[in-house]
There are 2 protein chains.
Amino acid sequence: MKKHPTIYDIAKKADTSTATVSRVLSNSDYPVRSELREKIKKVAKEVNYIPNMIGRQLKTNNSMTIGVIIPSITNPFYSSIVLGIEDIARSRGYHVFLCNSHRSPQLEEEYLKTLFEKQVKGLIVSSISPDKNLLGALVQKDLNIVAFDQTIEGLNSSQIHFDYRKGGYMATEYLIKKGHRKIALISSPLTRPSRISVYKGYLNALENYNIEIDKSLIQIASREYEEFERSYEFRNGIELTRNLLKCSELPTAVFVCNDMTAFGVMNELNKQGINVPEQISVMGFDNIEFSEMITPPLTTVQQPDYEMGKLACNLLLDQLDGKIVENVDIMLQPRIVNRSSVLDLESSLLKN
Amino acid sequence: MKKHPTIYDIAKKADTSTATVSRVLSNSDYPVRSELREKIKKVAKEVNYIPNMIGRQLKTNNSMTIGVIIPSITNPFYSSIVLGIEDIARSRGYHVFLCNSHRSPQLEEEYLKTLFEKQVKGLIVSSISPDKNLLGALVQKDLNIVAFDQTIEGLNSSQIHFDYRKGGYMATEYLIKKGHRKIALISSPLTRPSRISVYKGYLNALENYNIEIDKSLIQIASREYEEFERSYEFRNGIELTRNLLKCSELPTAVFVCNDMTAFGVMNELNKQGINVPEQISVMGFDNIEFSEMITPPLTTVQQPDYEMGKLACNLLLDQLDGKIVENVDIMLQPRIVNRSSVLDLESSLLKN
DNA sequence: CTGTTAGCGCGTTCAC
DNA sequence: GTGAACGCGCTAACAG
């Protein structure tokens with residue numbers, strides 16, 4: 001375990017100074033005699049020189065690294081976002097330091113501190129913490145932040161929103177236009193702005209089409225995520241479906257707050273011998289990769305996860321590079337993805 | 001954007017020296033008068049001090065960070081592994097720098113260099129690159145490596161293997177014991193040791209039970225992953241199933257090289273009006289989280305992804321902490337996960 | 001117990 | 001064009 005060569009070693013071997021070596025090896029545009037330049041490069045290659053970024057960072061105070069905090073990489077929605085972030089970061093010479101908060105406020109705070117200690121200058125975050133004090137304090141300290149997924153009120157940062165209400169509205173309207181009137185809702189607890197908005201969209205659509213709201217058709221989970229819990233949503237879907245099936249009048253369609261929960265719904269319906277979509281239609285939300293893989297392929301609302309990641313990262317890097325000074329707010333739009341889990345009651349009635 | 005306070009600022013304010021401040025704030029066990037200790041802590045809190053890890057790293061030459069290289073976080077098998085790695089790393093005070101190679105050798109090499117530049121002292125890697133020279137060179141430079149998933153020949157590193165052959169054997173044997181004789185195999189191209197081993201396991205089992213090998217039942221993809229390609233495996237499953245269905249005698253069961261491909265298989269069978277498992281049974285491999293969510297829930301071979309990540313990380317950190325000096329080789333064992341996608345021909349015959 | 005000092009590896013003045 | 005010298009923030013060695 002011998003020490004790695006530094007620019008000092010190279011300077012000695014190439015019979016020059018560390019300054020010149022640095023100028024050559026860090027691709028500076030400082031003028032250096034081309035003969036000498038080549039010699040230095042040659043020696044560097046000979047000794048298998050690998051620059052020590054720690055030294056450079058300390059000097060330049062620029063880590064070229066951004067932080068990303070998400071609930072869990074295990075959730076395909078977030079992993080797609082991270083992929084988008086990474087692709088852009090890489091293409092622009094930045095690196096990504098990824099943190100899974102596991103929906104734990106403590107862990108989120110811990111990671112926030114770590115990122116800051118590691119001299120990250122930018123942050124893309126889906127925050128779970130109700131306490132925005134730390135985040136706010138960091139913004140003061142010249143940390144650029146782009147928030148997504150979960151809107152953060154009163155924080156001096158850029159935000160990427162998604163029109164959840166409209167998504168909820170469009171999904172419900174889609175079902176209505178397919179002739180459904182008894183449309184159930186299955187949702188995770190309404191503890192976050194995004195979920196509340198989807199819920200509102202559902203109510204708005206029913207209202208707009210003069211469909212009476214039947215509370216027995218609305219199943220909302222009471223138990224929130226445990227921290228670190230896995231496949232919570234899937235099991236939620238199963239449980240809520242059981243509750244739903246207990247009501248006397250079965251719905252003809254179910255709108256589910258996200259695809260993962262919808263998998264649980266379809267699983268349970270199937271177990272109970274109820275065919276999707278023949279007996280009950282299922283509409284999801286998110287359009288994660290697996291939605292098209294299940295049987296029947298899930299009709300759902302597209303949330304542009306990968307694009308969202310790219311957008312967030314470009315935004316952040318533009319800020320870091322000084323191309324943007326103002327904070328920006330962007331609202332991404334939903335889109336219906338038409339597959340096979342929803343029955344068209346109109347046309348199926350015609351057939352009969 | 002004013003400069004962040006450093007230990008120097010604190011020393012000035014607390015009327016002491018940087019050395020003492022460092023001793024207090026870095027939780028050194030060096031003796032400091034408790035009165036002074038408290039004063040320093042108080043001042044640090046006042047100015048909202050956050051240590052600059054870059055400075056510490058440069059001095060101590062210890063980044064407390066390990067690198068992880070995997071094909072893609074988007075694949076749930078790898079995301080589970082990463083989760084396991086992270087959980088252990090965090091509990092032991094380390095951080096993880098994650099890299100998605102997207103199965104691109106160039107990108108893998110680029111990340112390898114980056115990790116080294118960032119002074120990572122340990123690496124957990126599922127390498128895709130056929131050229132192990134760079135990896136080998138880095139091992140020489142006091143970089144500890146734990147390889148998993150893809151075995152690396154002749155590399156001075158610890159390795160975590162999985163008994164793919166045995167897994168393939170067990171899966172096939174399981175089908176045989178359920179009364180299946182016409183057992184098809186659907187596999188990604190045999191371009192990696194793991195896949196070849198699964199294939200061998202399949203052949204071994206058939207041989208052992210004196211079942212003649214029918215080449216028309218063996219469908220192996222000819223096209224390899226494109227770099228950066230997504231849902232390749234799913235589409236592979238669809239395509240290979242189509243090919244399979246063209247053969248005159250349909251199998252009673254299909255063994256698929258991984259769960260994601262199995263989803264494609266089930267999808268296509270369904271589309272062709274073939275019931276799983278009533279007409280054709282499907283056996284997967286990996287047991288990713290979604291296997292239990294589809295309909296019917298997939299019977300498969302468990303590869304302990306999360307545990308594998310934890311094991312790999314503990315191993316690496318033990319090496320870094322000097323608790324282990326020797327390289328170790330571990331062979332993890334497969335386990336059948338019994339769900340509903342395989343029909344028991346024996347008992348179903350009894351019923352008729 | 002505490003302070004002074006000397007680097008860790010690098011990029012950047014500022015002279016020459 | 002080039003090199004000597006300094007300092008980024010921190011810890012370790014040593015002296016007191």
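Just so we're on the same page: letters track the sequence lines, and every chain starts at 1.
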What integer distance in Å separates [X]:[atom1] from [N]:[atom2]?
X: B:D9; N: D:dC10; atom1: CG; atom2: C1'; answer: 13 Å
X: A:I40; N: C:dC10; atom1: CD1; atom2: P; answer: 13 Å
X: B:Q57; N: D:dC10; atom1: CD; atom2: P; answer: 12 Å
X: A:F116; N: D:dG9; atom1: CZ; atom2: P; answer: 13 Å
X: A:E117; N: D:dC10; atom1: CD; atom2: C1'; answer: 13 Å
X: B:K39; N: C:dT2; atom1: NZ; atom2: P; answer: 11 Å
X: A:K12; N: D:dA4; atom1: NZ; atom2: P; answer: 14 Å
X: A:K118; N: D:dG9; atom1: NZ; atom2: C1'; answer: 15 Å

Do the non-hydrogen side-chain atoms of [X] and [Y] ever get within less than 4.5 Å of each other?
X: A:D149; Y: A:F162; answer: no
X: B:V68; Y: B:L123; answer: no
X: A:F77; Y: A:I70; answer: no

Go through the side-chain N and O atoms of [X] and [Y] and say whether any donor and acceptor fall under 3.5 Å apart.
X: B:Q159; Y: B:D329; value: no
X: B:T65; Y: A:K118; value: yes
X: B:D87; Y: B:Y306; value: yes

Requested in this report: Among D:dG1, D:dG9, C:dG3, find the nucleotide with the atom closest to the side chain of A:R33.
Outcome: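 Within the option list, the nearest is D:dG1.
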
Query - Contact state string [nucleotides 11-16 of chain C, B base, S sugar-phosphate only, - no protein heavy atom under 4.0 Å] - result: BBBB--

Query raised in the report: Ring centroid separation for B:Y111 and B:H102, is it under 6.0 angstrom?
Result: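 No.
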
Report task. Considering just the side-chain nitrogens and oxygens of A:S17, establish if one lies under 4.0 Å of OP1 or OP2 belonging to D:dG3. Result ->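 Yes, such a contact exists.
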
Query raised in the report: Any side-chain N or O of A:T16 less than 4.0 Å from the OP1 or OP2 oxygen of D:dT2?
Result: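 For D:dT2, neither OP1 nor OP2 has a side-chain N or O of A:T16 closer than 4.0 Å.
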
Report task. Quick one: label B:I54 by what it contacts on the DNA or RNA (base, sugar-phosphate, nothing), any heavy atom closer than 4.0 Å. Result ->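 Since no nucleic acid heavy atom lies under 4.0 Å of B:I54, the category is nothing.
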
